[in-house]
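Hydrogens, waters and symmetry mates are skipped; everything else that's a heavy atom, side chains included, is used. In what follows, chains are A, B, ... by sequence order, proteins preceding strands, each numbered from 1.
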Number of protein chains: 2
Amino acid sequence: MARTQGSHSDITGPRVRAAALQLFAQHGYAAVSMRQIAREVGVQAGALYNYTPDKQSLLFDLMQTHMTELLAAREDLQDSGSPTEALENFTRLHLRFHSERPDEVFIAYMELRNLTPENFAVIEELRRKYEDALETILRAGVEKGDFEVSDPKIATMAVIAMLTGVNTWFREGGRLSLAEVEQIYWDMVRKSVGA
Amino acid sequence: MARTQGSHSDITGPRVRAAALQLFAQHGYAAVSMRQIAREVGVQAGALYNYTPDKQSLLFDLMQTHMTELLAAREDLQDSGSPTEALENFTRLHLRFHSERPDEVFIAYMELRNLTPENFAVIEELRRKYEDALETILRAGVEKGDFEVSDPKIATMAVIAMLTGVNTWFREGGRLSLAEVEQIYWDMVRKSVGA
DNA sequence: GTTTTAAACGAACGCATGTTCAGATAACGG
DNA sequence: CCGTTATCTGAACATGCGTTCGTTTAAAAC
């Protein structure tokens, strides 16, 4: 029973990625089989190969798309203001972007070791670019005398770790709204760099 | 060829756990087979079942041991001093303990979803106890007027995330010594809670 | 109304998985 | 020196894996 209604490729393709995203995030790449993904989509396993050359590419595409979108969102920020304003923009963007995409974030941080070396290098490069953006802001603030940071490299890692940690507990509809969470984290980030 | 020298159970047992620890951390629980662990130990797969009832127990034991040791180390700290001193002790202990056990920490954070529901509940309870310790310190500091923290629960999560992030980049023998890293992170933690 | 083609089926491939267990081996206690 | 026992082997089990491919279906094109 193929094609029970209309052309499917532009519907099934996104559904395959959505199912892979959800299942990889929930159980982990290695623990999810192509047959599970197919069952979620409502299709036989063989049909998945109309949409991905293999399982590895499915993972890589999800991660690359996520990192590319993150970088694009970051570049949309015009850091014309002061370092403090730039840092606030970065902080709020990071929190908003990450809290909107818990599954993508989870995969991007947990499944790096399941990438082939070539694919890993690509993702790492994207991640490095993102970290560089924050480090640049911190260095500008230090140079201008606005921030008090002894080691910008470490401060970058510390701030990103702190912000990304929001995904371990924040759920929309919980005790606090995203706006409140943004404010609390921004207060902590600001103080931690002495701004 | 069994027992080529002396009794092995008290040697092989720890070696099984060590191999599992290293392999789970490197490739992930789901991606590591019992035969890989056995090969690392230098034994056939069947022999592993003299030391663990199954693969799941191997993972659970590693995580439970780690969390129990962490809590024990935490309880060895006498927080007789001020909240600020208690927070500094907590910060330095966390950094030291975690940087000494990168594999255990990695597993404890990444493999939660591969625990059975019963085992997961046990580990989560241990983690909650550890987080409670920090939250108690923060609340004491707020009450005494030493800290400036709007939401102790969130501040707890933020600080722990920031500190645990040290494991994503810190390697002994790198640019900075552990003592230097401790100082930098303590500065940032102290400032972030307004102490 | 016929032909083309996108899309999915469903069986098959070789191989790996966690776990069990009867049998072999070698150090130990007597 | 012999019998016991802790320890490990090695084969087997059912099941599942990622991937391939000839075949079937039904919508689209003409």
Side-chain angles (χ1 to χ4, degrees), chain A residues 1-21 23-24 26-63 107 111 113-119, chain B residues 1-21 23-24 26-63 107 111 113-119:
Chain A
M1 221 193 350
R3 278 220 279 192
T4 51
Q5 45 171 319
S7 181
H8 280 175
S9 70
D10 47 350
I11 296 174
T12 309
R15 295 228 303 146
V16 168
R17 284 187 288 278
L21 176 71
L23 288 169
F24 288 169
Q26 186 169 2
H27 305 292
Y29 173 78
V32 172
S33 71
M34 294 299 270
R35 285 171 179 81
Q36 277 178 66
I37 298 172
R39 196 180 319 134
E40 190 81 5
V41 175
V43 106
Q44 292 294 320
L48 298 181
Y49 291 84
N50 291 322
Y51 305 99
T52 182
D54 47 37
K55 193 186 173 189
Q56 167 73 204
S57 301
L58 213 41
L59 176 63
F60 176 67
D61 285 350
L62 290 172
M63 292 177 70
I107 289 174
E111 304 295 354
R113 60 186 167 187
N114 286 309
L115 291 172
T116 63
E118 304 78 32
N119 289 343
Chain B
M1 226 196 343
R3 277 221 281 192
T4 53
Q5 45 171 321
S7 183
H8 281 174
S9 69
D10 47 351
I11 296 175
T12 310
R15 294 228 302 147
V16 168
R17 283 188 287 277
L21 177 71
L23 288 169
F24 287 169
Q26 186 169 2
H27 304 292
Y29 173 78
V32 171
S33 71
M34 294 300 269
R35 285 171 179 80
Q36 277 178 66
I37 298 172
R39 196 181 317 132
E40 191 82 3
V41 176
V43 107
Q44 292 294 322
L48 298 181
Y49 291 84
N50 291 321
Y51 304 101
T52 182
D54 47 37
K55 192 187 177 192
Q56 166 73 203
S57 301
L58 214 40
L59 175 63
F60 176 66
D61 285 350
L62 290 172
M63 293 178 70
I107 289 175
E111 303 296 353
R113 59 187 167 187
N114 286 308
L115 291 172
T116 63
E118 304 79 30
N119 288 343

Set of side-chain contact (heavy atoms from CB on, under 4.5 Å) partners for A:D61, sequence neighbours left out: none
Could you work out, with side-chain contact (heavy atoms from CB on, under 4.5 Å) as the rule, every residue matching B:R39, not counting sequence neighbours? B:Q36
Set of residues satisfying side-chain hydrogen bond (donor to acceptor under 3.5 Å, both in side chains) with respect to [X], sequence neighbours excluded:
X: B:R35; answer: none
X: B:Q26; answer: B:Q22
X: A:N119; answer: A:Q56, A:T116
X: A:Q44; answer: none

When A:A47 and A:R39 are each assigned the nearest nucleotide of DNA chain D, the 5'-most assignment goes to A:R39
Does the A:E40 side chain pair with the main chain of A:A19, one donor and one acceptor, at a distance under 3.5 Å? no
Kindly say if B:T12 contacts the phosphate of D:dT7, meaning a side-chain N or O under 4.0 Å from OP1 or OP2. no
Nucleotide [N], atom [atom2] - distance to [atom1] of [X] in whole Å:
X: A:Q44; N: D:dT20; atom1: CD; atom2: P; value: 17 Å
X: A:L48; N: C:dG10; atom1: CG; atom2: P; value: 15 Å
X: A:N50; N: D:dT24; atom1: CG; atom2: C1'; value: 14 Å

Using C1' atoms of five pairs at each end, report the bend of the helix from C:dG1-D:dC30 to C:dG30-D:dC1 rounded to 10 degrees. 10°
Per-nucleotide protein contact string for nucleotides 15-20 of chain C (B base, S sugar-phosphate only, - none; heavy atom under 4.0 Å): --BBBB
Got a sec, which residues hit salt bridge (Lys or Arg N to Asp or Glu O under 4.0 Å) with A:R15, two or more places apart in sequence or on another chain? none
